[in-house]
Amino acid sequence: MAICRARALFSLSKCYSTLISRPGHSSPIRSFSSSQFESVGFIGLGNMGFRMVNNLIKAGYKVAVHDINCNVLKKFSDMGVPTKETPFEVAEASDVVITMLPSSSHVVLFVDHWVNPVMLDAPVSGGVLAAEAGTLTFMVGGSEEAYRAAKPLFLSMGKNTIYCGKTGNGSAAKICNNLAMAVSMLGVSEALALGQSLGIAASTLTRVFNSSSARCWSSDSYNPVPGVMEEAPSSRNYDGGFASKLMAKDLNLAASSAKDIGQKCPLTSEALEIYTELCNDGHEARDFSCVFRHYYSGMDEL
């Protein structure tokens, strides 16, 4: 997530978010306070951003939005939320700008004329369900003082904020988190598919996992078997959620980072191979939990 122009830029995305902020004209960053962020610009209204904006509005912030999707802009316009045709117009109308975009390469910096703009990288974790409920976790990198000032904004959209250190550390934390999440999902999917082949219902095996040492987010909150957890993407034909292509992208980033520092990460390589195959087979837009059905050939819970 990123925030920019007005007084700050936070960048959140899918999940890399950025928050960009302008410290009040020529004011130094030490002048930041959460009270400066009354008017919030938000760029990126996909599955995550749409819900995060709704929570900002509920929290009482004045929000202006932009997205390349005209249909989603109309939804906000019909709600009385100001919509802007360009990111620059969002910045002009806002004290702080948040971006919620697929990757850092999509973050357009439009602050050339600002004095001392400040940016926090603040990736999120929790998925669409947490974005809807306002229970996201934010991993934030950048100035600690800017982080403290922006914290009320984060907490209007989530329940946890973790300061990770210097700029870039938020994104690094997100890459590591998604690596662990991918491996976890593969392990749970593999075990559930094996269990089905051995004659154990997925719902039964899930209860075993969640009462035993195999319990994890992939089993108790985001189960990959259609029909086991009705609110999970798996029970919506894997629509919405965190796309497999985004998981493959993050795994590629993790693999590249490991290679750069000479770190052995065999599970990263295996997970990347599986998710790359999944995308090549045409499932790149499906939630990453679709690996259960489309890689392991797992069955729906009847």
- Message: If I compare all heavy atoms of Ala149 with all of Pro152, which pair ends up nearest, and what's the gap?
- Response: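 Closest approach of Ala149 to Pro152: O-CD, 3.4 Å.
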
- Message: Which heavy atom of Leu278 sits nearest to which heavy atom of Ser244, and what is that distance?
- Response: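 Minimum heavy-atom separation between Leu278 and Ser244: CD2-OG, 3.5 Å.
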
So [Y] and [X], do their side chains get closer than 4.5 Å, heavy atoms only?
{"X": "Glu145", "Y": "Arg148", "result": "yes"}
{"X": "Leu251", "Y": "Phe288", "result": "no"}
{"X": "Thr137", "Y": "Val124", "result": "no"}
{"X": "Phe242", "Y": "Asn178", "result": "yes"}
{"X": "Thr86", "Y": "Val90", "result": "no"}
{"X": "Ile43", "Y": "Val65", "result": "no"}
{"X": "Glu301", "Y": "Thr206", "result": "no"}
{"X": "Ile162", "Y": "Val140", "result": "no"}

- Message: Is it the case that the side chains of Ser156 and Asn55 hold a donor-acceptor pair, with the cut-off being a distance below 3.5 Å and no angle test?
- Response: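 Checked: Asn55/Ser156 side chains show no N/O donor-acceptor pair below 3.5 Å.
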
- Message: With no hydrogens and no angle check, just 3.5 Å: does a side-chain donor-acceptor pair link Thr83 and Ser77?
- Response: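 No donor-acceptor contact under 3.5 Å links the two side chains.
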
- Query: Under a 4.0 Å N-O cut-off, is there an ion pair linking Arg286 with Asp239?
  - Reply: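 Salt bridge flag = yes for Asp239 with Arg286.
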
- Item | Charged N-O contact under 4.0 Å between Asp300 and Arg293 |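 Counted as a salt bridge, because a side-chain N and a carboxylate O are separated by less than 4.0 Å.
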
- What do you reckon, is CG of Leu198 surrounded by more than 12 foreign heavy atoms closer than 6.0 Å?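 Atom CG in Leu198 is crowded, with more than 12 foreign heavy atoms closer than 6.0 Å.
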
- Task: Would you indicate whether Glu231, at its atom CD, is surrounded by more than 12 heavy atoms from other residues, nucleotides or ligands within a distance under 6.0 Å?
- Result: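 Count over threshold, so yes.
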
- Message: Please list all pairs meeting ring-ring contact (aromatic ring centres under 6.0 Å, His included) that have one or both residues in residues 167-221, counting only residues at least two apart or in different chains.
- Response: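 Qualifying pairs, neighbours excluded: Trp217-Tyr222.
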
Rounded to the nearest 0.5 Å, how far does [atom2] of [Y] lie from [atom1] of [X]?
{"X": "Lys62", "Y": "Glu38", "atom1": "NZ", "atom2": "CD", "answer": "6.5 Å"}
{"X": "Ser212", "Y": "Arg207", "atom1": "OG", "atom2": "CZ", "answer": "12.0 Å"}
{"X": "Leu153", "Y": "Met52", "atom1": "CG", "atom2": "CE", "answer": "10.0 Å"}

- Query: In terms of the angle between their ring planes, are His294 and His283 parallel, tilted or perpendicular, with boundaries placed at 30° and 60°?
  - Reply: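 Taking His283 first and then His294, their aromatic rings lie parallel (interplane angle under 30°).
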
- Aromatic centroids of Phe292 and Tyr238 separated by under 6.0 Å: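 Distance test on ring centres: not under 6.0 Å, no.
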
- Walk me through it: do Asn47 and Arg51 pass the test side-chain contact (heavy atoms from CB on, under 4.5 Å)? CA-CA 7 Å; Asn47 289 327; Arg51 292 162 172 80; 4.2 Å; yes

